[in-house]
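Computation of the quantities below employed the complete heavy-atom set of this structure, encompassing side-chain atoms and omitting hydrogens, waters and symmetry-equivalent molecules. The model shown is predicted, which means the values in this text are computed figures rather than measured ones.
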Amino acid sequence: MPKKPYAPPVPPECGKASLGLPPSVLAKREICDKKNTGCPTQVPYTARVDYDHWCDPNQPKSVIYKDVVKAHSVIKETIQNTPLLMPKSKNLFDMELYLKIETLHESGSFHERSAIYAIYMLSDEERADGVYTASIGNWGMALAHVGKKKGIKVTVVLPIKTSVDAVRRTQDYGAKVVISGQNLEEARIEAFNLIKQHGAGTYINGYDHPHVIAGAGSIGIELMEQLPNIDAILIPVGGGGLLAGIATVVKTLKPDTLIYGVESYESCCFFKAMDNEKPYATECSITAPLAVPTAGYNAFHTARSLIDKMVLVHSNWMNQVILRMAEEERYIVEVSGAVALAALFAKPYIVPELRDKRVVCIVTGANIACIPLSRALEHGLAVEGRSVSIKISLPNDNTKEYYKVLKIIANVGCNIIHYDSDNVWSTEDDLFKSYMTVMCSTRGLQHSCTLKRVMEKLFPNKCQFADVPFCGTTKCPCFPKLWPL
């Protein structure tokens, strides 16, 4: 007997309404009502307390040649042309080298140009309300100095780790100094908070305001008047304002002139912005040269198509420049002011394409305190191999061994600058040892190497030498331009 075809069971009818689609399906099909989610809405950039309409990342402004010409016409009424010198160290390089000296301004750096023009462009109401800025030193000093001359109240916010010398000098120039923030960006936000509390005031960005960039560009006009046929210009870079201003002028008047931006390894926000094709926040120590965490938006927008190469340099080479400028040129130069020339002292040579060319390096400032200056000079001597630090392990309190060490160093022809001894009992073996540290002066790297060989032969496995000058820096990162003009 054949089976009846199978019929699916009919669900029993009930009086309950359907529960509808399951939640998993609803989540995929229905649009979430954002007003009821409880998620915080992001504050528009233009509504932030630190919004600066002069430096809007979404609407960057370009500085053009006529802007710089206008700024120069104002600046030259107050500042005379700064010197363009051929240094005594020119024989070290296979090129015709010049230095544009911007250390002779009353406030000690090129920023005085920008401060003059930025304050000149203020309205009467803005002058009456006062100006605010954030700085790590030079810009704050320059703005304070010019503001005092013009009778304008200047408030400068300095990061917490700013050197006490920079704080003192900024106060001496007449500014109200506020210490706040771990870096320049946090100090900038605090400056806007102060403006809000005061109810009035104008913020001036020290490296990205269009008037600041135009003022710095006046150096380019002077250069083209002093030395028209320049093949290449090396420019220190922090936030990029100086680079943008000079590049705008030079590429307008002589487009084939090479523009090189030079930054420190420790702080290279513009280098990274070029690599990333837009500025972004980077980490840098406040004690690093040109310690700007984010490249200027206007500066980057203006300069990116005008730069031929970005170069990074090590602090060793900057200290060597400070030493050479003091010894040979009789100029005091700060670390950030030595950045451009440091590209030529780099080992290995990182700009070989500049051989046999006419090259100008911008020396931007001289605001360095006595203690950092002495340290930079000592380090510069070590980089050149003219100073050596040795730590020798000797039998405990054996004066004959001390005398032997000093006599050997003297017989090699070195001058002993300082020596000291110490007992460090960190392990059981150290109970019968003392450590003698000797700082000595030599004639150069070859002489230092001779001393090292002699000491290691006479005191095997007992000598420790400082890394400099025996451990050279060999890194050579450059960022060549990969796009057309």
Side-chain angles (χ1 to χ4, degrees), residues 81-104 110 216-238 240 242-264 270-271 274 289-290 303 306-314 316-325 327-329 331 333 335-365 476-481 485:
N81 285 7
T82 52
L84 183 67
L85 306 177
M86 184 174 285
K88 296 181 178 65
S89 57
K90 64 182 182 297
N91 296 328
L92 298 175
F93 315 106
D94 298 327
M95 63 180 66
E96 187 178 337
L97 178 62
Y98 295 87
L99 303 179
K100 180 65 170 171
I101 305 297
E102 289 290 317
T103 63
L104 303 179
F110 79 96
S218 63
I219 296 175
I221 294 179
E222 285 187 18
L223 273 177
M224 300 310 293
E225 293 174 350
Q226 293 170 319
L227 194 69
N229 298 319
I230 304 174
D231 295 318
I233 303 176
L234 275 63
I235 306 168
V237 181
L242 178 62
L243 176 66
I246 294 178
T248 297
V249 172
V250 174
K251 288 295 187 180
T252 300
L253 300 179
K254 193 173 183 293
D256 58 337
T257 298
L258 298 174
I259 297 294
Y260 283 18
V262 188
E263 282 187 293
S264 162
F270 210 94
F271 182 99
M274 295 287 283
L290 303 166
L306 307 177
I307 302 169
D308 294 284
K309 182 182 283 189
M310 290 295 299
V311 181
L312 299 185
V313 295
H314 195 276
N316 284 351
W317 309 327
M318 301 178 216
N319 290 323
Q320 190 176 3
V321 170
I322 293 173
L323 174 67
R324 290 282 181 150
M325 290 294 293
E327 282 189 333
E328 298 177 0
E329 313 304 328
Y331 279 105
V333 178
V335 178
S336 58
V339 168
L341 188 54
L344 302 182
F345 279 90
K347 300 293 185 298
Y349 200 42
I350 60 178
V351 284
E353 68 276 12
L354 297 184
R355 285 193 175 99
D356 301 322
K357 295 188 180 296
R358 182 175 289 180
V359 179
V360 175
C361 291
I362 312 296
V363 182
T364 55
C476 174
C478 296
F479 189 85
K481 186 173 68 174
L485 288 173

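- Here the shortest heavy-atom pairing between Leu312 and Ser264 reads CD2-O, 4.2 Å.
- Shown here are the side chain to side chain donor-acceptor pair (under 3.5 Å) partners of Glu328, two or more places apart in sequence or in another chain: Arg324.
- The two residues Val339 and Pro236 make their nearest non-hydrogen contact at CB-CB, 4.2 Å.
- One finds the CD1 atom of Ile307 at 4.5 Å from the CG atom of Leu243 (value rounded to the nearest 0.5 Å).
- Scored by the side-chain contact (heavy atoms from CB on, under 4.5 Å) test, Glu329 finds Pro87, Lys88, Ser89, Met325, Tyr331 as partners (sequence neighbours excluded).
- Under the salt bridge (Lys or Arg N to Asp or Glu O under 4.0 Å) criterion, Glu225 pairs with no residue at all, not counting sequence neighbours.
- A search for ring pair (Phe, Tyr, Trp, His ring centres under 6.0 Å) contacts involving Phe270 returns Phe300, not counting sequence neighbours.
- The two residues Ala338 and Ile322 make their nearest non-hydrogen contact at CB-CG1, 4.1 Å.
- Lys100 places no side-chain N or O within donor-acceptor distance of the main-chain N or O of Val360, the cut-off being under 3.5 Å.
- Evaluation of the salt bridge (Lys or Arg N to Asp or Glu O under 4.0 Å) rule for Lys357 yields no partner, not counting sequence neighbours.
- Within the model, atoms NZ of Lys254 and CE of Met224 stand 6.5 Å from one another, a figure rounded to the nearest 0.5 Å.
- Across Met86 and Leu97, no two heavy atoms sit closer than the pair CG-O, 3.4 Å.
- A 4.5 Å side-chain heavy-atom check between Val351 and Val359 finds every atom pair outside the cut-off.
- With sequence neighbours left out, the side chain to side chain donor-acceptor pair (under 3.5 Å) criterion links Asp356 to no other residue.
- Looking only at side-chain heavy atoms (C-beta outward), Lys309 and Ile350 stay at 4.5 Å or farther from each other.
- Atom CD1 of Ile219 and atom CD1 of Ile246 lie 4.5 Å apart (nearest 0.5 Å).
- Not one N or O on the side chain of Lys90 forms a donor-acceptor pair closer than 3.5 Å with the backbone of Tyr98.
- Residues Val250 and Ile230 fail the side-chain proximity criterion, which asks for heavy atoms closer than 4.5 Å.
- Once rounded to the nearest 0.5 Å, the distance linking SG of Cys361 with CG of Leu85 reads 12.5 Å.
- Looking at heavy atoms from C-beta onward, Leu234 lies out of side-chain contact with Leu341 at the 4.5 angstrom threshold.
- Annotation: side chain of Met95 is in contact with side chain of Leu344 (closest heavy-atom distance under 4.5 Å).
- By the salt bridge (Lys or Arg N to Asp or Glu O under 4.0 Å) test, Asp94 pairs with Arg355, sequence neighbours left out.
- For Arg358, the side chain to side chain donor-acceptor pair (under 3.5 Å) criterion is met by Glu96, not counting sequence neighbours.
- In terms of the side-chain contact (heavy atoms from CB on, under 4.5 Å) criterion, residue partners of Ala342 (sequence neighbours excluded) are, by chain and number, Val313, Trp317, Met318, Val321.
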Checklist entry - Is there a side chain to side chain contact (heavy atoms under 4.5 Å, CB included) between Leu306 and Thr248 once you walk through the steps? => result CA-CA 7 Å; Leu306 307 177; Thr248 297; 4.1 Å; yes

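- Residues satisfying the ring pair (Phe, Tyr, Trp, His ring centres under 6.0 Å) criterion with Phe93, sequence neighbours excluded, are Phe345.
- Listed here is the closest heavy atom pair of Thr364 and Gly337: OG1-CA, 3.2 Å.
- The heavy-atom pair separating Leu104 from Ile101 by the smallest distance is CG-CG2, 4.2 Å.
- With sequence neighbours excluded, the residues that form a side chain to side chain donor-acceptor pair (under 3.5 Å) with Glu102 are Thr82, His105, Arg113.
- With contacts defined as side-chain heavy-atom distances shorter than 4.5 Å, the pair Leu354/Leu258 qualifies.
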